[in-house]
Amino acid sequence: MKKYVMALDQGTTSSRCILFDKKGNICSVAQKEFEQIYPKPGWVEHDPMEIWASQLSVATEAISKIGASADEIASIGITNQRETTVVWNRETGMPIYNAIVWQCRRTAERIDQLKEDGLTDYVKETTGLIPDAYFSASKVAWILDHVEGAREQAENGDLAFGTIDTWLIWNLTRGEVHATDYTNASRTMMFDIHKLDWDQKILDYFKIPKNMLPKVKPSSGIFGYTEVGMFGESIPIAGAAGDQQSALFGQCCFDAGEVKNTYGTGCFLLMNTGEKAVTSENGLLTTIAASADGTVQYALEGSIFVAGAAIQWLRDEMRMIRKAADTERYATAVEDTAGVYLVPAFTGIGAPYWDPYARGTVVGITRGCKKEHFIRAALESMAYQTNDILKVMEEESGVQIRTLKVDGGASNNNFLMQFQSDILGVDVLRPQCVETTALGAAYLAGIAVGYWEDIEDVRANWALSRTFHADMTDEKRRHLLKGWKKAVGRAFEWVED
Ligand SMILES: Nc1ncnc2c1ncn2[C@@H]1O[C@H](COP(=O)(O)OP(=O)(O)O)[C@@H](O)[C@H]1O
Ligand SMILES: O=P(O)(O)OC[C@H](O)CO
């Protein structure tokens with residue numbers, strides 16, 4: 001009997017595997033952090049082999065932890081950090097360079113060139129994206145330009161490109177399947193989100209041969225089967241979606257106008273806009289949302305590059321805290337930040353400003369500034385950045401957002417969620433399961449094989465854990481936001497010559 005659906009959640013800082021049952025309960029979980037490689041300031045890489053090894057080992061661990069067997073697993077759903085780029089040799093299966101991570105800024109100048117070449121509007125209209133080093137296209141071009149012999153090999157058809165979903169599918173099927181889904185393709189800046197095909201003009205511009213690219217499929221459906229020896233039984237890989245689209249699905253935001261915000265390494269606010277691809281004039285992205293019935297749905301997205309990563313920075317580099325959860329205790333030990341603002345623009349700043357040359361800034365420090373104020377300012381920065389996006393989203397979608405569904409690691413922080421509600425002036429809803437990214441992938445894979453019937457079947461699983469109600473005067477909110485606006489202004493164009 002099929003008891004579980006397996007979700008493989010390959011995030012920016014860790015690989016995770018969760019086995020869910022029919023009610024959406026977590027039955028087993030295994031997680032492993034992996035190395036972040038910073039070869040130069042502003043550059044970020046991962047080792048693709050470590051990503052694959054960690055993902056496989058947590059999958060095996062999650063199964064054995066509860067004594068499950070592979071034949072009890074109905075299907076596998078994959079969800080992943082998006083945009084991160086891997087190029088490998090089809091014959092050997094070996095990457096020709098480290099994965100260039102979504103946060104990496106090395107191709108910022110290449111994107112400046114694209115803008116000078118007058119392609120900004122074309123890229124926006126075709127891909128829904130604002131040209132930026134964040135997306136995969138310029139990363140693939142960088143690898144082809146900098147790895148010896150790579151361009152020639154690519155032209156001969158010897159190389160394959162993939163985002164992390166594609167890399168995992170390739171390895172799970174031992175090189176049988178080279179595929180991605182619509183949501184991941186929509187983050188490459190090479191995919192026409194209206195025609196649902198790779199865009200030849202952009203490929204030509206970056207000199208990327210089309211033969212490197214994976215086949216693009218709906219997010220829910222059979223991608224392939226795991227090789228028998230891997231788990232002792234061949235399991236269908238029946239779902240794949242970028243992690244933010246997967247979280248939107250896992251939060252059951254199936255209808256136009258529904259919104260979620262995920263507080264992970266970065267923070268991503270997505271609104272389902274249904275069959276309509278809403279174009280933003282103010283720094284939001286148009287992207288493809290995951291759906292279970294093969295129809296294409298769209299979303300508006302505000303991407304914040306640094307959220308929980310600022311907390312990791314406090315832990316690992318500043319050594320101010322021992323673990324992320326300690327931030328709540330420090331933040332509530334003081335009344336406010338004593339006027340301190342931290343703008344964590346470590347890798348430039350994303351929506352709605354899009355300045356790749358912005359850098360991290362701390363302002364407002366006085367002699368009385370304590371560690372507690374600093375930590376509180378780091379948490380508050382997530383809420384301020386979210387507010388910047390939510391206001392633009394309301395304006396552009398014409399939808400007034402009254403409640404915000406939240407998830408991701410940092411949504412466990414009660415101080416942050418209360419402050420978020422106060423700053424937005426809306427109710428913040430935290431579900432019982434904040435692993436919605438993995439849950440979304442499980443739903444996509446489970447619906448594809450009939451483990452769940454349809455979206456109505458899974459909607460019943462969504463359960464509220466806590467509502468945070470706004471409790472701040474308008475005057476105080478205005479005062480705090482005014483300070484934030486000034487602080488963000490100080491971070492812009494820091495490293496531009
Ligand atoms: N209680 C907490 N308070 C603040 N930040 C937290 C807390 N718990 C986790 N985080 C932050 O959330 C992030 C982990 O969330 P997760 O959803 O697992 O991220 P990802 O999928 O990007 O790896 C880390 O950056 C961590 O610093
Ligand atoms: O690893 P996360 O959860 O912060 O997500 C990363 C995003 O997919 C980047 O676009």
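Order of appearance sets the numbers: ligands from 1, and atoms from 1 within every ligand. All values below come from the heavy atoms of this structure, side chains included, with hydrogens, waters and symmetry mates left out.
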Ligand 1 to T13 polar contact by distance, N or O atoms, under 3.5 Å:
yes
Say you draw a straight line from OG1 of T163 to CZ of R82; how long is it, rounded to the nearest 0.5 Å?
10.5 Å
N/O of Q31 under 3.5 Å from N/O of ligand 1, yes or no?
no
Could K32 and E61 be called an ion pair, given the rule that one side-chain N must be under 4.0 Å from one carboxylate O?
no
Which of the atoms in ligand 1, numbered in the order shown and given with their element, are less than 4.0 Å from a heavy-atom of A309?
25 (O)
Say whether G308, considering both its backbone and side-chain N or O atoms, lies within less than 3.5 Å of an N or O atom on ligand 1.
yes
Residue R16 vicinity, atoms of ligand 1 by number, heavy atom under 4.0 Å
16 (P), 18 (O), 21 (O)
Is R376 paired with D336 through a side-chain N to carboxylate O contact shorter than 4.0 Å?
no
Determine, for R105 against D132, whether the closest basic-nitrogen to carboxylate-oxygen distance falls under 4.0 angstrom.
yes
Decide if the gap between the ring center of F254 and the ring center of F249 is smaller than 6.0 angstrom.
yes
Would you compute the distance between atom NZ of K276 and atom CD of Q297 and round it to the nearest 0.5 angstrom?
14.0 Å
Distances for all N or O pairs of ligand 2 and the protein under 3.5 Å?
unit_1, atom_1, unit_2, atom_2, d
ligand 2, 1 (O), T12, N, 3.0
ligand 2, 1 (O), T12, OG1, 2.4
ligand 2, 3 (O), D243, OD2, 3.0
ligand 2, 4 (O), T265, N, 3.4
ligand 2, 4 (O), G266, N, 3.3
ligand 2, 5 (O), D243, OD2, 2.7
ligand 2, 5 (O), Q244, NE2, 3.4
ligand 2, 8 (O), R82, N, 3.0
ligand 2, 8 (O), R82, NE, 3.0
ligand 2, 8 (O), D243, OD1, 2.6
ligand 2, 8 (O), D243, OD2, 3.3
ligand 2, 10 (O), R82, NE, 3.3
ligand 2, 10 (O), R82, NH2, 3.0
ligand 2, 10 (O), E83, OE1, 2.6
ligand 2, 10 (O), E83, OE2, 3.3
ligand 2, 10 (O), Y134, OH, 2.7

Atoms in ligand 1 flagged as close to G408, the criterion being non-hydrogen separation under 4.0 Å
17 (O)
The closest protein heavy-atom partner of atom 17 (O) of ligand 1 is G409 N, 2.9 Å
For atom 1 (N) of ligand 1, what is the closest protein heavy atom, and at what distance to 0.1 Å?
A325 CA, 3.5 Å
Do V428 and T467 make a side-chain contact, defined as non-hydrogen atoms from C-beta onward lying under 4.5 Å apart?
no
A student checking ligand 1 against N413 at a 4.0 Å heavy-atom cut-off should list atoms 3 (N), 4 (C)
Near I311, which atoms of ligand 1 are under 4.0 Å from a heavy atom of that residue?
5 (N), 27 (O)
At less than 4.0 angstrom from any non-hydrogen atom of T327, what atoms of ligand 1 do you find?
3 (N), 4 (C)
Does R315 come within less than 4.0 angstrom of ligand 1, counting non-hydrogen atoms of the residue?
no
So which heavy atom in the protein is nearest atom 20 (P) of ligand 1, and how far is it from that ligand atom?
T265 OG1, 3.5 Å
CD (Q36) and NE2 (H46) are apart, to the nearest 0.5 Å, by 3.5 Å
Aromatic ring centroids of W52 and W170 under 6.0 Å?
no
Does the distance from a Lys or Arg side-chain N to an Asp or Glu carboxylate O, for E45 and R106, drop under 4.0 Å?
yes
Establish, for the pair K217 and F223, whether the NZ or CZ atom is under 6.0 angstrom from the six-membered ring centre and no further than 45 degrees off its axis.
yes
